[in-house]
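Here the structure is laid out as structure tokens; the discussion comes afterwards.
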There are 2 protein chains.
Amino acid sequence: MNTFLQYNPTRLYFGEKQIQQIQAELGDQQRNVLVVYGGGSIKRNGVYEEALHQLHSINANVFELSGVEPNPRLTTVQKGVEICKQEHIDFLLAIGGGSVIDCTKAIAAGAMYDGNPWDLFTQVAPVENALPFGTVLTLAATGSEMNQVSVITNWDTHDKIGWSSPYVFPTFSILDPHYTKSVPLDQTIYGIVDSMSHALEHYFHRTDNTPMIDGFIESLLRTAIQNGPKLVENPDSFQYRETMMYISTTAFNGTLSNGTDGGDWATHRIEHALSAVYDIPHGGGLAILFPNWLEHVLEDDPSRVKQLAINVLGVSEEGKSDKDIAKEGAKALRQFWNNLGAPSRLADYNIDDTHFTDIIEKTFIKPGVGTYKEMDKDSVHDILRRSL
Amino acid sequence: MNTFLQYNPTRLYFGEKQIQQIQAELGDQQRNVLVVYGGGSIKRNGVYEEALHQLHSINANVFELSGVEPNPRLTTVQKGVEICKQEHIDFLLAIGGGSVIDCTKAIAAGAMYDGNPWDLFTQVAPVENALPFGTVLTLAATGSEMNQVSVITNWDTHDKIGWSSPYVFPTFSILDPHYTKSVPLDQTIYGIVDSMSHALEHYFHRTDNTPMIDGFIESLLRTAIQNGPKLVENPDSFQYRETMMYISTTAFNGTLSNGTDGGDWATHRIEHALSAVYDIPHGGGLAILFPNWLEHVLEDDPSRVKQLAINVLGVSEEGKSDKDIAKEGAKALRQFWNNLGAPSRLADYNIDDTHFTDIIEKTFIKPGVGTYKEMDKDSVHDILRRSL
């Protein structure tokens with residue numbers, strides 16, 4: 001194992017009616033609260049109303065920023081920062097999925113910084129503070145509700161950047177599985193893919209002697225594989241929503257990286273570049289790219305992919321070479337996601353190789369892509385080509 | 001799943017040389033620190049010296065309480081509370097295993113209370129505050145380094161009580177596997193048993209739809225079963241110490257109970273009563289009692305014991321009844337611990353049925369023993385009788 005700090009200060013309230021905890025969390029002083037959300041879905045399903053009821057019951061001064069995009073944009077962050085500064089906001093409440101939470105993290109950090117917030121995400125300036133914020137989660141996918149990570153897109157330059165800071169752990173997060181029931185089926189499927197990708201990318205580390213954490217990752221993935229198809233069949237099931245919601249938080253809240261080198265996030269890097277150019281859903285991009293990343297890396301060294309194939313994807317060993325077992329694993333994963341309803345090829349989004357050079361450039365916007373296998377431009381090109 | 005709050009504010013520093021973190025944790029102000037430890041072993045193996053070096057480097061005023069017992073006693077807690085009040089202690093540093101940490105938690109709470117600290121542990125008075133404290137762990141067993149639980153013995157009345165409070169999460173804990181290398185073999189074995197017991201007791205809950213957490217528990221237990229015999233064979237191995245140390249923390253830091261009813265801790269309750277009467281090692285008592293608890297509960301309902309037998313203990317299913325599979329599981333667990341070097345019968349400690357009535361009385365010192373199976377006095381008697 002590597003040396004590590006295990007620390008996650010977020011209070012996660014999980015289950016029915018947990019939105020009531022907002023009162024106890026915020027009630028001890030007068031607050032100026034900025035509520036951040038996306039489209040109107042939270043108004044249709046009642047979540048907005050329930051959250052606002054909580055805020056009004058403690059006499060908070062409520063301000064609003066709506067219209068956060070699925071890939072949240074710098075311009076929206078800047079709008080939020082301006083409101084925070086003008087209205088002396090002292091707490092932010094994100095209501096939505098990962099995009100809304102990521103945007104809220106960016107606003108929280110940007111509000112405590114004097115320049116353009118983009119400086120913070122490109123590491124031109126360090127994040128040295130942030131406003132406190134809570135979240136009410138309505139989509140199980142990114143894990144942003146219990147971690148310090150955020151992804152922001154600069155649509156002027158078509159750059160999409162992941163950044164992180166210990167200052168942007170949510171103070172609290174409310175996870176009521178009922179709130180995810182109104183998520184459209186395609187978003188539900190992308191959420192499953194995104195959560196599983198987080199676990200899979202954690203799995204591809206190069207650290208010795210991590211048997212318990214490896215076992216946790218395999219166990220989480222097996223649960224996702226058992227639960228995913230049932231959820232897609234029965235999108236109104238509280239039980240399957242609940243399982244999925246807790247999987248997606250656990251897949252990216254630090255549990256799966258304690259003591260490892262953190263895993264290999266090359267696929268996320270390539271996908272961010274891909275969806276910065278084409279604005280496709282993140283989970284859709286991952287479903288296409290990750291099996292091809294597996295096929296790319298197993299060419300040099302099939303050992304870890306083989307282990308995944310056997311322990312998670314149910315591939316049998318008998319009479320097969322390591323490489324064949326690993327290849328079957330990659331194929332099984334692609335098939336599993338495809339059966340759920342996710343795309344398996346770039347062609348499914350009418351994407352061809354026209355902008356490959358641009359995507360490759362953007363993948364390397366920050367140096368160092370891949371750790372289990374370090375990528376160069378040719379490697380990324382190979383993965384894109386396999387994905388056509 | 002049940003509604004739950006997932007929250008653990010302890011900063012866990014894991015790995016070689018992490019003791020250096022004490023400076024950063026405490027360094028920003030003048031401190032009066034009470035160092036709490038047990039016998040002299042931390043002086044022989046260098047841990048005491050390293051910790052004191054850290055405290056002196058930040059010019060802390062250091063006070064000491066040594067001689068904490070393996071089952072820490074109220075009288076020692078009272079001694080510590082007195083020092084805290086007299087010397088205006090503002091931080092405690094526990095150096096040792098679970099007993100030292102449990103004692104430090106009790107002192108931390110007692111120092112903020114005006115009456116006899118025993119009131120706090122018997123719920124006569126609520127814990128409403130505690131001094132902050134850190135820990136340097138030297139024995140992998142109880143998990144006390146990252147939870148809010150403590151066990152204190154009142155030797156006047158021969159009562160041993162577990163209590164808990166959110167105020168007694170350690171601020172930080174230092175886990176350097178090197179520090180556990182000098183632990184005697186019997187203590188190492190009892191640590192394995194204690195950690196596994198925590199996971200096992202978590203496993204016996206009655207909450208529906210907890211597949212991921214159940215998988216985590218099974219995975220942790222399989223890792224303990226793979227690692228335990230290697231550690232006992234090679235007690236100087238950093239690798240096996242490391243795995244064991246992280247297992248024992250994870251087995252009792254909240255990870256394994258999120259969303260469940262918390263599991264069934266009847267065996268711990270009976271063991272506390274047993275070792276309050278006989279002062280035997282906690283892990284030794286558990287190794288004797290838990291397989292007999294399994295045999296007791298499988299008589300009514302073998303389903304969960306069967307699942308444990310198959311998924312964790314490698315028992316094959318073919319041609320056997322559920323009850324037979326479950327019985328084989330209980331036997332396999334007893335055999336596994338016995339092979340490690342743990343006792344399997346009360347007779348191994350020369351204990352007969354003389355004080356059974358007393359042990360049963362003490363088991364019920366707080367009402368409600370057992371949740372997976374609620375115990376009455378006859379049930380506890382049956383388990384003790386099976387353990388002879």
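Since this is a predicted model, take the numbers as computed values, not measurements. Per chain, numbering begins at 1; letters A, B, ... match sequence-line order.
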Tell me the residues of [range] whose non-hydrogen atoms fall below 4.5 Å from those of chain A, in number order.
| range | value |
| --- | --- |
| residues 12-28 of chain B | L12(B), Y13(B), F14(B), G15(B), E16(B), Q18(B) |
| residues 194-205 of chain B | none |
| residues 206-220 of chain B | N209(B), P211(B), M212(B), I213(B), G215(B), F216(B), S219(B), L220(B) |

side-chain contact (heavy atoms from CB on, under 4.5 Å) between T10(B) and Y7(A): does it pass, once the steps are laid out?
-> CA-CA 7 Å; T10(B) 301; Y7(A) 176 59; over 6 Å; no

Picking from M146(A), Q226(A), R222(A), which has the most non-hydrogen pairs under 4.5 angstrom with chain B?
->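 Ranked by contacts with chain B, first place is M146(A).
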
Option that, when pairs with chain B are counted at under 4.5 Å, heavy atom only, ranks first among T255(A), L5(A), D176(A), T243(A) =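 The candidate making the most pairs under 4.5 Å is L5(A).
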
Can you list the steps and then say if N8(A) with Q6(B) is a side-chain contact (heavy atoms from CB on, under 4.5 Å)?
-> CA-CA 10 Å; N8(A) 190 317; Q6(B) 178 169 343; over 6 Å; no

Tell me, side chain or backbone of Y246(A) under 4.5 Å from chain B's heavy atoms, or both, or neither?
->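 Answer is both: backbone and side chain atoms of Y246(A) are under 4.5 Å from chain B.
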
Residue part contacting chain B, namely of T250(A), when any heavy atom lies under 4.5 Å =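 It is the side chain, since no backbone atom gets that close.
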
For Q29(B), look at atom CD and say whether over 12 heavy atoms of other residues, nucleotides or ligands are found less than 6.0 Å away.
->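 Result for CD/Q29(B): enclosed.
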
Listed by chain and number, what are the side-chain contact (heavy atoms from CB on, under 4.5 Å) partners of P166(A), not counting sequence neighbours?
->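 So P166(A) forms a side-chain contact (heavy atoms from CB on, under 4.5 Å) with Q148(A).
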
What's the spacing between T3(B) OG1 and L175(A) CG if we round to 0.5 Å?
->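 The OG1 atom of T3(B) sits 11.5 Å away from the CG atom of L175(A).
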
